[in-house]
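Chain letters run A, B, ... following the sequence lines, proteins first and then strands; every chain starts at 1.
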There are 2 protein chains.
Amino acid sequence: MPSPSLENQPESAPREKRLRRDAAANRERLLEAARSVFAEHGLEASVEDVAHAAGVGVGTLYRRFPTKDALIAELVREFMEKVVTLVTEAAQSPAGRGLETFIYALGEVQAANRGCLARIWTDQTTTGLRDVYREHIAALLKDAKAHDAVRVDASVTDLDILFWSLRGIIETTGDLSRTAWRRQAAISLAGLRPSPIALADPPVAEEIIHRSRQSTLVHSERGS
Amino acid sequence: MPSPSLENQPESAPREKRLRRDAAANRERLLEAARSVFAEHGLEASVEDVAHAAGVGVGTLYRRFPTKDALIAELVREFMEKVVTLVTEAAQSPAGRGLETFIYALGEVQAANRGCLARIWTDQTTTGLRDVYREHIAALLKDAKAHDAVRVDASVTDLDILFWSLRGIIETTGDLSRTAWRRQAAISLAGLRPSPIALADPPVAEEIIHRSRQSTLVHSERGS
DNA sequence: GCATAAGCGGAATAAAGAATCCGCTTAGAT
DNA sequence: ATCTAAGCGGATTCTTTATTCCGCTTATGC
């Protein structure tokens with residue numbers, strides 16, 4: 001094993017060569033600026049705005065990310081990675097509580113990344129992460145049902161649409177309210193609790209969920 | 001009272017002069033085309049696409065609507081008018097059932113107008129209609145509570161966020177699924193039914209709803 | 001300290017799309 | 001049947017914004 005001081009190959013997969021220290025810092029600042037600017041003005045904020053917010057020129061942005069889309073894709077990737085982390089952590093929650101824990105945690109990340117939520121379900125480069133995530137929530141749901149925290153006729157697709165619905169609220173309320181999506185989450189969770197009254201509509205077919213990944217996407221924008 | 005055959009002043013408010021028959025038809029076709037193209041490709045679909053979908057040139061579109069925004073605003077206006085109609089009709093429902101009826105009806109209109117949903121809550125020209133609508137849903141909620149169909153701690157703002165949440169689903173699933181938003185509506189309604197278990201989060205303040213009208217907006221787009 | 005590959009800023013370029021203009025066409029009043 | 005204001009299409013103009021290019025600067029390994 002090489003000595004720690006010689007870490008020229010940072011980790012397992014040293015994505016290309018190593019960046020110069022200042023360049024690495026700029027890359028981070030760019031991503032952070034992008035998150036913030038896109039959250040504020042939506043994805044149609046200009047590349048120049050992002051670069052300036054990061055305190056660099058557009059040239060710098062383009063040396064690191066070949067296109068605007070690539071920049072957004074990286075935000076999406078980091079988001080999905082965070083989601084997978086959270087869902088994994090949630091699995092450690094006390095029996096039967098994992099799902100609820102995860103729902104609130106996911107709401108927080110979505111809110112923190114509201115600029116790029118639009119691309120999350122359609123981005124084709126993170127399909128793998130999305131599959132992992134989906135396996136995990138299926139397990140959380142099963143656990144919740146086993147502990148009588150959730151009605152037995154709830155399906156994984158109900159969780160998918162729950163997350164989409166929270167996205168709608170987060171995009172609408174922007175940074176005005178953390179309460180809004182939490183309240184809706186609470187109401188939905190209440191609706192998912194075991195009940196003798198059947199739900200008036202059937203769950204969504206898995207296939208629909210998969211197809212929607214390929215076709216629909218949404219942009220965000222914000223006015224003054 | 002003038003004879004019906006001389007209706008040079010069509011109705012109460014004859015919005016400007018009367019359009020030539022072909023021009024009036026084109027105007028309708030443009031609005032319909034806009035609804036469809038925006039639903040398909042989002043609001044960033046080009047004006048030219050809309051004009052062509054309507055079978056006319058861009059010049060024709062611009063003679064009728066001074067800007068692209070004006071066209072969108074008209075879609076929004078017609079949407080809001082429809083919403084007000086629906087909420088008024090829902091008030092005729094059997095006692096205690098009006099709210100549920102309206103929620104499903106609103107889902108349908110939202111789905112039929114998914115292209116321009118993004119502008120609905122921020123459009124400043126339909127504030128009046130929105131206020132009317134809001135008075136009505138307050139009444140529907142009160143009625144539902146009176147008939148024990150909805151929990152007493154539900155607030156009007158819960159309905160606001162419910163509608164935003166449905167929007168999120170409709171925008172994500174596009175025309176793939178009518179089931180998706182209905183299922184979420186069913187779950188939310190279940191969560192809003194009277195229950196001894198209090199909701200984990202407080203309702204959203206009215207003020208937040210009003211502020212979000214002025215600041216946040218969202219665009220839609222669709223790929224492939 | 002020096003050499004130099006890596007980085008940087010921002011002007012210049014290019015493409016897309018909104019809005020305008022103008023010569024030709026037609027509904028519909030007489 | 002005729003006349004003309006209202007309409008029409010679409011080429012053209014004007015903006016906005018992504019992306020490229022290039023001469024100057026600076027970490028970093030020796």
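Taking the six-membered ring where the residue is Trp, A:W164 and A:W121 present perpendicular rings, their angle passing 60° and hence far from 30°.
Against DNA chain C, the stretch residues 23-36 of chain A makes heavy-atom approaches under 4.0 Å through A:A23, A:N26.
Considering CD1 of A:I187 and CG of B:D158, their distance stands at 4.0 Å, rounded to 0.5 Å.
With a cutoff of under 4.0 Å to any heavy atom of chain B, the contacted region of DNA chain D is bounded 5' to 3' by D:dA6 to D:dA11.
Listed candidates were C:dA5, C:dG9, C:dG17. Nearest to the side chain of B:S46 is C:dG17.
Contacts of B:T125 classified as side-chain hydrogen bond (donor to acceptor under 3.5 Å, both in side chains), with partners at least two apart in sequence or in another chain: B:D123.
The separation between B:R64 atom CZ and C:dA19 atom C1' is 16 Å, rounded to whole Å. In this structure, the CD atom of A:E44 is 13 Å from the P atom of C:dA18, given to the nearest Å. Remark: C1' of C:dA19 and CG of B:D49 are 16 Å apart, rounded to the nearest angstrom. We find that NZ of A:K68 is positioned 18 Å from P of C:dA15, with the value rounded to whole Å. Here C:dA6 presents its C1' atom at 15 Å from CZ of A:R18, a figure rounded to the nearest Å.
In summary, B:E32 and B:R29 do not engage in a salt bridge, as defined by a charged side-chain N under 4.0 Å from a carboxylate O. Taking a cutoff of 4.0 Å between a charged side-chain nitrogen and a carboxylate oxygen, B:R134 and B:E206 qualify as a salt bridge. Checked for salt-bridge contact, B:K82 and B:E78 miss the test: no charged N lies under 4.0 Å from a carboxylate O.
Within 4.0 Å (heavy atoms only), B:V58 reaches at least one base atom of the nucleic acid.
At a threshold of 4.5 Å between non-hydrogen side-chain atoms, the residues A:D160 and A:V204 do not count as touching. You'll find the side chain of A:L86 stays beyond 4.5 Å of the side chain of A:L106, heavy atoms only.
If you find the closest nucleotide of DNA chain C to B:P66 and to B:L19, the one lying nearer the 5' end belongs to B:P66. Two residues, A:R63 and A:E48, neighbour DNA chain D, and the one matched to the more 5' nucleotide by heavy-atom proximity is A:E48.
Donor-acceptor pairing under 3.5 Å is recorded for the side chains of B:Q184 and B:S188.
Side-chain atoms of B:R21 and base atoms of C:dA27 include no donor and acceptor less than 3.5 Å apart.
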